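Worksheet for the structure shown next.
Just so it is clear, the structure is predicted and the values come from calculations on it, not from any experiment. Chain letters run A, B, ... following the sequence lines, proteins first, then strands; residues in each count from 1. The figures that follow rest on heavy atoms only: side chains count, while hydrogens, waters and symmetry mates do not.
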Amino acid sequence: MARILITSAIPYINGIKHLGNLVGSQLPADLYARYCRARGHEVMFICATDEHGTPAELAAAKAGMPVEHYCAEMHAVQSNLAAGFRLSFDHFGRSSSGRNHRLTQHFARALGENGFIEEVAERQFFSVADNRFLPDRYIEGTCPNCGYERARGDQCENCTKQLDPTDLINPRSAISGSTDLEVRETRHLYLKQKSLKGEIAAWIDSKTDWPILTTSIARKWLNDGEGLQDRGITRDLSWGVPVQFPGAPWTGMEGKVFYVWFDAPIEYIAATAEWADDSEQPDAAWERWWRTDKGAHDVRYVQFMGKDNVPFHTLSFPATIMGSREPWKLVDYIKSFNYLNYDGGQFSTSQGRGVFMDQALSILPADYWRWWLLSHAPENADSEFTWENFQVSVNKDLADVLGNFVSRITKFCRSKYGEEVPAGGQTGERAAALITELEGRLRAYEAHMEAMEVRKAATELRAIWVAGNEYLQSAAPWTVFKEDPERAAAMVRLGLNLIRLYAIVSEPFIPDASAKMLRAMRCDDRSWPGAVAEALSALKPGHGFETPDLLFAKIADEEREDWQKRFAGIRT
RNA sequence: GGCUAGGUAGCUCAGCUGGUUAGAGCACAUGACUCAUAAUCAUGGGGUCGGCGGUUCAAGUCCGCCCCUAGCCA
């Protein structure tokens, strides 16, 4: 038994996430967490909402409520959706928590004491009407290069030229449209990542087992151009973690907060502390996951994220931890994902294109989505969601192969022997061959799950389901029954036990169906199958069961066409 | 323009450090079966592995150039 700490990249508070976001971190993280628990490991699975920053403030203003209320409300929404998808977080925290405030300040202070923070004076636009400094992309104006009138302060979308906000002609606030802007000097804290570059590079080099997608992105940022740069960790905003320290205020930083990218990953740690607080446990309970001097030396820490998040997790967050010179747990393995595209284009939160988590659950149960998304996870390359593919996969894999297997064996048993595991008879060579095959496939499945090879694991699982149908087809208990009901009984007994086996090994992918199968078999023994022959004799003769309802309903062509139409447009 | 990844059967994808007639699922065709959600199982057709050149006894797998796609960056 090992101890495994798992974190999923934390979704931004602003709005409901789409299926591409889901499959890029939370869902595969959940798959892995469920698998590790099923194998008897001690698991801590953490996620949270990323709540600070200008977009949250603006979204709150648009919704006409204080930002704290907006975030609380959206956290509840995201939390419910996570539960709807059966994401089994031990804690779904909030980066705005008191715990994160204290930890973020703690890290900043430690970094400062170790000489990894410096103050830099910058000139930035201040909007008098909005009474706030404006981040570059919230300033609009005319592009000096091409004359485009709605160029943003960081870049002109028309001619793609990189800009400095002070380059813009007739700059105005993107928030209020006000042109009453002043350039003011403001001081900010920078994290001196350059000083830590050698340490980080050596650490990345030591990770020879990481996916290429992960290390190539890290190396690119480390070495391209002028290499890893120092980065500002503060902003002139009111919503965030104040740049202040209990008992030792940071002069000159009054009214400023930490930049989201700095406090967000620290929330992984803080959320674990929130978990301890919620369950009224002492600090030692969460520290044994995060402090190598307090019990975390034997923890394996795995992070899941989309490729856009890799730089923060391979460089910035490690810089924060290394620079603290404190014994915090660094990540051991990063599993990163490419993008999921939608019907010939990209999923887009800003344009509302694609299927969003709430919409998905409103048309089909979680297991359908979990199965499709995980068995098509964008591991090696970007992959694509199409309704046709979704329909075919769900109908074939879930309804025809697995669902129908459960249906055919339970109904056959009910009609010939009643709703209990029949006694008598012996299985033959076909059963022995099945057991041999399952033995091999199950071990392969375990290997893929341990390596977090999601698609390969799904393929193997499906083959395990298919093996049951192959066996029934060749053993043909319905024919044998006519001459030798005892021998047929042994086949049926094996088939019923396969349902239990399938329920257990399929649980990480399709937890609801798994629970339904176990309930139908009136079984609460979920122990992972070691030797297959033994696992397939768990349900003894005389053990009662219930013939379950449809495990998976098929998606009809009309439904698919209807959904295709409904989600083609733009979500408002 | 640079970087990264990728271009393999109609579709979605496997193919590790080069080595027998290039694989899987779906789709398609044929057959078997009738317990089952008209489900299942078997068999089969189908690919000059983006293009050109090179290294090698041998290349989808290595090298060079070119074309195309996606993402990131300038």
What is the distance from NZ of Lys554(A) to P of C26(B), rounded to the nearest Å?
13 Å

With a 4.0 Å limit, can you tell me whether Lys396(A) has a side-chain N or O closer than that to the phosphate oxygens OP1/OP2 of A39(B)?
no

Rounding to the closest angstrom, what is the interatomic distance between C67(B) and G53(B) at atom C1'?
15 Å

Rounded to whole Å, the CG-C1' distance (Asp397(A) to U37(B)) equals 15 Å

Using a strict 4.0 Å threshold on nitrogen-to-oxygen distance, state whether Glu439(A) and Arg443(A) make a salt bridge.
yes

In Å and rounded to the nearest 0.5 Å, what is the CG to CG distance from Asp397(A) to Leu402(A)?
9.5 Å

Which residues pass the side-chain contact (heavy atoms from CB on, under 4.5 Å) test with Ser195(A), not counting sequence neighbours?
Phe116(A), Lys192(A)

Would you tabulate the nitrogen or oxygen pairs shorter than 3.5 Å linking the protein to nucleotides 29-33 of chain B?
{"unit_1": "C33(B)", "atom_1": "O2'", "unit_2": "Trp478(A)", "atom_2": "NE1", "d": "3.3"}

Nearest-Å distance once atom C1' is located in both C57(B) and C68(B)
34 Å

Which residue lies toward the 5' end of RNA chain B, Arg408(A) or Val466(A), if each is placed at its nearest nucleotide?
Arg408(A)

According to a strict under-4.0 Å criterion, is Arg414(A) in side-chain N/O contact with OP1 or OP2 of A36(B)?
no

Under 4.0 angstrom, heavy atoms only, what part of the nucleic acid is Ile409(A) near: base, sugar-phosphate, or nothing?
nothing

Using the side-chain contact (heavy atoms from CB on, under 4.5 Å) criterion, which residues pair with Ile504(A)? Sequence neighbours excluded.
Arg500(A), Trp528(A), Pro529(A)

How close or far is atom C1' of U12(B) from atom CZ of Arg462(A), stated in whole angstroms?
12 Å

Reading RNA chain B 5' to 3', how would its secondary structure be written in dot-bracket notation, given Watson-Crick and G-U pairs with both distances under 3.5 Å, brackets [ ] for crossing pairs and | for partners on other strands?
(((((((..((((.....[...)))).(((((.......))))).....(((((..]....)))))))))))).

Rounded to the Å, how far apart are Phe405(A) CZ and C41(B) P?
11 Å

Separation of the P atoms in G44(B) and G25(B), to the nearest angstrom
12 Å

Heavy atoms under 4.0 Å, any strand shown: does Lys416(A) hit a base, just sugar-phosphate, or nothing?
nothing

Can you measure Leu402(A) atom CG to G25(B) atom C1' for me and round it to whole angstrom units?
16 Å

Contact under 4.0 Å: Lys411(A) side-chain N or O vs A39(B) OP1/OP2:
no

Looking for any heavy atom pair under 4.0 Å, which part of the strands does Phe481(A) touch: base, sugar-phosphate only, or nothing?
nothing

What residues in residues 419-455 of chain A put a non-hydrogen atom under 4.0 Å from any atom of RNA chain B?
Arg455(A)

How about Phe481(A) and Tyr417(A): are their ring centres within less than 6.0 Å of each other?
yes

What interatomic distance, in whole Å, is found between C1' of G60(B) and the corresponding atom of C13(B)?
15 Å

Roughly how many Å apart are U55(B) and C11(B), using the P atom of each and rounding to a whole number?
35 Å

Salt bridge present between Arg86(A) and Asp30(A) (N-O < 4.0 angstrom):
no

Which whole-number value in Å describes the distance from Leu472(A) CG to A36(B) P?
12 Å

Nearest whole Å is fine: how far is U12(B) P from Trp387(A) CH2?
18 Å

For Ala432(A), enumerate each residue passing the side-chain contact (heavy atoms from CB on, under 4.5 Å) test, keeping only those at least two apart in sequence or located in another chain.
none

Check: Phe385(A) ring centroid to His18(A) ring centroid under 6.0 Å:
no

Which value, in whole Å, describes the distance between the P atoms of nucleotides A59(B) and G50(B)?
15 Å

Say we look at C26(B) and C62(B): how far apart would their P atoms be, to the nearest angstrom?
31 Å

Nearest non-hydrogen partners of Ala475(A) and Arg430(A), listed with the distance:
N-CD, 3.8 Å

Indicate yes or no: does Asp332(A) engage Arg300(A) in a salt bridge with an N to O separation below 4.0 Å.
no

Take atom P in A24(B) and the same atom in C66(B), then report the distance between them in whole Å.
37 Å

Which heavy-atom pair separates Thr314(A) from Trp203(A) by the least distance, and what is that distance?
O-CZ3, 3.4 Å

State whether the side chain of Arg519(A) and the backbone N or O of Glu546(A) hold a donor-acceptor pair below 3.5 Å, judged by distance alone.
no

Check the surroundings of atom CZ in Arg487(A): do more than 12 heavy atoms from other residues, nucleotides or ligands lie under 6.0 Å from it?
no

Starting at atom CD of Glu388(A), determine the distance to atom P of C26(B), rounded to an integer number of angstrom.
18 Å

I'd like to know if Asp400(A) reaches the base of A39(B) with its side chain, counting only an N/O donor and acceptor under 3.5 Å.
no

By nearest nucleotide on RNA chain B, pick out whichever of Lys456(A) and Glu470(A) is the more 5' one.
Lys456(A)

